[in-house]
Trainee: 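Before we start, here is the structure in question, set down as structure tokens.
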Amino acid sequence: MRLAIALGATLLLATPPVAAPSRDAAPSGFSHATFDTVLSRFLHNGRVDYGGLARDRGALDRYLVACADARPDDWPREEQIAFWVNAYNARVLLGVIERPGLRSVLDVGKVLFVPTLRFFRERRPTGGAARSLNDIEHGILRARYRDPRVHFVLNCASASCPVLPQRALRGATLDAELELAAGRFLVDSTRNRIVPQRELGLSSIFKWYGDDFRAAEGSLQSFVERHWPRRERFAADLPVRFLHYDWSLNGSW
């Protein structure tokens with residue numbers, strides 16, 4: 001008996017301790033901490049230091065390698081959405097720094113001064129397959145999940161885009177993060193000009209993706225009123241106008 005106890009104690013001492021899971025890791029085991037590092041270093045007041053990121057891109061490259069190998073289809077829904085939004089935003093940053101001095105994503109692939117949107121059509125490994133930014137936004141985020149609030153956390157490297165989130169999205173807090181982003185975008189007078197008793201001056205995002213917002217709340221007016229973060233009553237049948245969209249780069253070299 002004493003021999004058995006001694007052998008058991010020896011085995012316990014010889015067995016290496018099991019590493020505690022990363023506090024950042026999602027239930028899927030995927031971590032967005034490296035992307036947090038990128039954002040904390042190179043995003044300041046909504047503006048991206050593309051020059052600094054181009055000179056120190058190691059963390060971004062490591063994150064995108066992880067995104068390329070990830071298989072998110074079996075993860076919880078919220079983890080999937082967070083992954084695809086973060087991967088999209090990281091891919092946009094990469095697409096810009098690979099083109100030093102770029103002034104607008106619309107300049108990529110222009111033909112006779114006409115934008116071709118090539119920036120959004122280039123395919124790279126993401127989530128286990130070669131995908132473009134359009135594939136992620138339209139074929140996955142919009143088609144699968146049908147939550148129009150994702151439009152407020154996707155950033156296309158342009159001045160009129162919603163501000164790039166300061167921290168990578170997480171599945172555990174996704175709903176709160178999307179709602180906060182929606183409210184911030186709506187009250188941002190550089191992107192929308194909303195006077196609840198007079199008019200809705202809305203970002204062109206509401207024109208391009210109007211069907212998404214109407215599917216969620218019935219009308220653009222209802223969507224805005226539902227997600228407006230201030231305690232104000234909206235007049236009935238507010239007129240809607242869409243604002244000019246500024247495609248100039250949301251950062252500097």
Side-chain angles (χ1 to χ4, degrees), residues 43 45-48 81 84-85 88-89 91-93 95-96 102-111 113-122 132-143 145-165 169 177-230 234-235 237-251:
L43 178 64
N45 299 318
R47 302 280 293 174
V48 181
I81 296 173
W84 289 116
V85 169
Y88 181 100
N89 289 336
R91 284 271 309 272
V92 167
L93 294 177
V96 173
L102 185 70
R103 296 303 175 190
S104 171
V105 294
L106 294 189
D107 290 341
V108 177
K110 270 187 176 179
V111 177
F113 304 102
V114 177
T116 63
L117 302 181
R118 193 177 81 189
F119 185 88
F120 300 97
R121 293 173 176 159
E122 296 176 335
S132 69
L133 292 170
N134 280 346
D135 292 334
I136 296 172
E137 180 179 8
H138 307 302
I140 297 176
L141 284 167
R142 294 181 64 212
Y145 308 112
R146 301 185 184 281
D147 188 333
R149 295 177 300 172
V150 300
H151 291 299
F152 308 129
V153 288
L154 292 174
N155 183 273
C156 60
S158 302
S160 287
C161 287
V163 174
L164 186 63
L169 270 63
E177 290 173 340
L178 292 179
E179 193 60 28
L180 182 62
R184 285 178 174 171
F185 184 72
L186 291 174
V187 300
D188 184 345
S189 61
T190 66
R191 291 164 172 81
N192 297 278
R193 298 191 186 108
I194 297 172
V195 183
Q197 293 299 319
R198 189 166 56 195
E199 73 165 354
L200 296 180
L202 299 180
S203 163
S204 289
I205 288 173
F206 287 96
K207 175 172 64 176
W208 300 329
Y209 305 114
D211 289 346
D212 295 359
F213 299 106
R214 283 186 283 268
E217 298 292 344
S219 69
L220 296 181
Q221 293 90 333
S222 295
F223 182 92
V224 171
E225 187 170 3
R226 167 72 175 78
H227 298 281
W228 185 248
R230 298 171 178 168
F234 279 67
D237 300 323
L238 283 177
V240 175
R241 65 184 178 93
F242 299 107
L243 306 181
H244 169 74
Y245 206 82
D246 183 355
W247 286 95
S248 61
L249 198 69
N250 64 334

Trainee: Indicate yes or no: at least one non-hydrogen side-chain atom of F234 is less than 4.5 angstrom from one of Q221.
Mentor: no
Trainee: Taking the side chain from S132 and the backbone from E122, do they hold a donor-acceptor pair closer than 3.5 Å?
Mentor: no
Trainee: Measuring from L238:CG to L220:CG, what's the distance to the nearest 0.5 Å?
Mentor: 11.5 Å
Trainee: Rounded at 0.5 Å granularity, tell me how far CG in L186 sits from CZ in F152.
Mentor: 5.5 Å
Trainee: Can R142 and D212 be counted as an ion pair, charged N to O under 4.0 angstrom?
Mentor: yes
Trainee: Side chains of Y88 and N155: closer than 4.5 Å at any heavy-atom pair?
Mentor: no
Trainee: Quick check: do P148 and Y209 have side-chain heavy atoms less than 4.5 Å from each other?
Mentor: no
Trainee: Decide whether S104 and D107 meet the rule of one side-chain donor and one side-chain acceptor closer than 3.5 Å.
Mentor: no
Trainee: Under 3.5 Å, is there a donor-acceptor pair linking the side chains of D246 and S248?
Mentor: yes
Trainee: I'd like to know if the side chain of S204 reaches the main chain of L243, judged simply by a donor and an acceptor atom lying under 3.5 Å from each other, with no hydrogens or angles considered.
Mentor: yes
Trainee: When you check the gap from the basic side-chain N to the acidic O, do E179 and R149 get nearer than 4.0 Å?
Mentor: yes
Trainee: Keeping N192 on the side-chain end and L202 on the backbone end, is there a donor-acceptor pair under 3.5 Å?
Mentor: no
